[in-house]
Protein chains: 2
Amino acid sequence: MTTARPRTRIQARNQETILDAALEVFSAQGFRGATLDQIAEVAGLSKPNLLYYFPSKEAIHTALLTNLLDTWLDPLREMDAAGDPVDEVLAYVRRKLQMSRDFPRESRLFANEILQGAPRMRAAIEGELAELVEDKARILRIWMDQGRIARVHPKHLIFSIWALTQHYADFDMQVRAVLRDEADDAFPAAGEFLETLFRKLLAP
Amino acid sequence: MTTARPRTRIQARNQETILDAALEVFSAQGFRGATLDQIAEVAGLSKPNLLYYFPSKEAIHTALLTNLLDTWLDPLREMDAAGDPVDEVLAYVRRKLQMSRDFPRESRLFANEILQGAPRMRAAIEGELAELVEDKARILRIWMDQGRIARVHPKHLIFSIWALTQHYADFDMQVRAVLRDEADDAFPAAGEFLETLFRKLLAP
DNA sequence: CGTTGTGTTGACCGTCCGGTCAATGGACAT
DNA sequence: ATGTCCATTGACCGGACGGTCAACACAACG
């Protein structure tokens, strides 16, 4: 299902270079807006050379999305039923915000895909992602039943974490425009704000 | 700056039809992903006929975005310094969520544009939008100084309202996939969740 | 009826873009 | 050097797409 793993050093290096260039271009222009020529230029390779390593534009995009989903869901996977509820949720928020700061291109690639109705990720969203959320929502519900965090709709709680953290990557341009001179402090201030918000929301 | 206003009945009707079809297609496929043929088909007109009413694909897109910004900012404009702080903010949240429900295509069009770095809206974002936020942030700060709502970063508060409400339109596909059988109840439940969240956050 | 101005469209053009291919380069083993 | 296999690319192809144009439809008015 995933792309065949590289076999030689050169293949490993070039596939890596191509995927990175493709991430750059796809995340900034969307699938349709990106062209192989742009990707090739960013990668410093010729267009036919791209197609020597990947069978099609589509295949490059799919490879990116497939690799992405796992890393994207990891922060949620780490949320541990055995830990302290508030700490666990806040730690999840922190990890997710960190990802928006460190991997904004990945966030935008994902956002682009979902915005268009996830034409190339439907199965993964309805399967893997939905099941993981189901699983974690169950944990949240238990914590709520135990009175260790406030009772709110668990899935909407998770949506709120996604929305609030990814916003800083996906709508970066708007955030910068609004913050103006504070634009560089966006993430520290966002971190404090979200910490406050979720502490208050979850306080039993 | 805006498109010349229609002069005859037929022009008014057809421009309306075209803009509606264009909204449908642009919001679902992005600017680059949309084609004039698709828009023409949705509008029930021929492609040359579109270009009789609008000089180019670009012009249709620009007309949509220009019309959009005003309606998009209206809910925030209504936030009144003279009203009760908590009520005002909550009413804004409610209006914004309502817009996500009633105008998801507009929300996605906007999201697409910002995601790509707002190539065709930069000026409006950095100008009109940023200034409006500056203005309302000042009001929020006064309310905080008066101890009528909790002290949080006012601009991040506004970001949080945008992020949380628009999420339900922009990431609709994901929301539906996660909620599964509750998918149709999304907005009522979201409304309750957001009400709780902002009440707790703002409580002084 | 002819004239004029608004609408409408089939056919076409030039460009862009994803993808192919044949030819060449280059590393390495024998 | 010779053959072999991986890597690279200039040139090209076919289809899609934004946009043009000339011709036509149709109503309003004299």
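Heavy-atom basis, side chains included; hydrogens, waters and symmetry copies ignored. Each chain gets a letter, A, B and so on, in the order its sequence line appears, and its residues count up from 1.
- Following rounding to the nearest Å, B:E41 (CD) and C:dT8 (P) show an atom-to-atom distance of 18 Å.
- Along DNA chain C, the nucleotide nearest A:G33 and the nucleotide nearest A:P48 are compared for position; the residue whose nucleotide lies closer to the 5' end is A:G33.
- For B:Q11 and C:dG7, the shortest distance from a side-chain N or O to OP1 or OP2 is below 4.0 Å.
- Atom P of nucleotide C:dT9 and atom CD1 of B:I18 are separated by 11 Å, given to the nearest angstrom.
- The residue B:A40 sits apart from the nucleic acid: no heavy atom pair falls under 4.0 Å.
- Distances shown here put every side-chain N or O of A:Y52 at or beyond 4.0 Å from the OP1 or OP2 atom of D:dT8.
- Between the B:K136 side chain and the B:R77 main chain, a donor and an acceptor come within less than 3.5 Å of each other.
- The 5' end of DNA chain D is approached more closely, in terms of each residue's nearest nucleotide, by A:L45 than by the other of A:L45 and A:R32.
- Applying the 4.0 Å criterion to OP1 and OP2 of C:dG7, one finds that B:N49 has every side-chain N and O outside that range.
- The shortest distance between the side-chain N/O atoms of A:N14 and the OP1/OP2 oxygens of D:dT8 is below 4.0 Å.
- Counting any heavy atom pair closer than 4.0 Å across all strands shown, A:I10 reaches sugar-phosphate atoms only and no base atom.
- In this pair, B:F159 and B:W162 present their aromatic rings tilted. The plane angle is within the 30 to 60° band.
- Rounded to whole Å, atom P of D:dG10 lies 13 Å from atom CG of A:L50.
- At whole-Å resolution of the value, CD in B:Q29 and P in D:dG18 are 12 Å apart.
- The side chain of B:S46 lies closest to C:dT8 when the candidates are C:dT8, D:dC17, C:dG18.
- The separation between B:K57 atom NZ and D:dC17 atom P is 9 Å, rounded to whole Å.
- Across the protein-nucleic acid pair, A:Q38 atom CD and C:dC17 atom C1' stand 11 Å apart, rounded to whole Å.
- Atom pair A:I60:CD1 and C:dC17:P shows a separation of 15 Å (rounding to whole Å applied).
- As judged by a 4.0 angstrom heavy-atom cut-off over every strand, B:L51 is placed among the base-contacting residues.
- Checking C:dC17, D:dC17, D:dG19 against the side-chain heavy atoms of A:D37 singles out C:dC17 as nearest.
- Checking C:dG18, D:dC17, D:dG19 against every side-chain atom of A:K47, the shortest atom distance belongs to C:dG18.
- Within a 6.0 Å sphere centred on CZ of A:F187, heavy atoms belonging to other residues, nucleotides or ligands number more than 12.
- Rounded to a whole Å, the CZ atom of A:F26 is 11 Å from the C1' atom of C:dG18.
- Annotation: cation-pi pair B:K57/B:F26 absent, no NZ/CZ under 6.0 Å from the ring centroid and within 45° of its normal.
- Within 6.0 Å of atom CD in B:E78, more than 12 heavy atoms from other residues, nucleotides or ligands are found, so the atom counts as buried in its surroundings.
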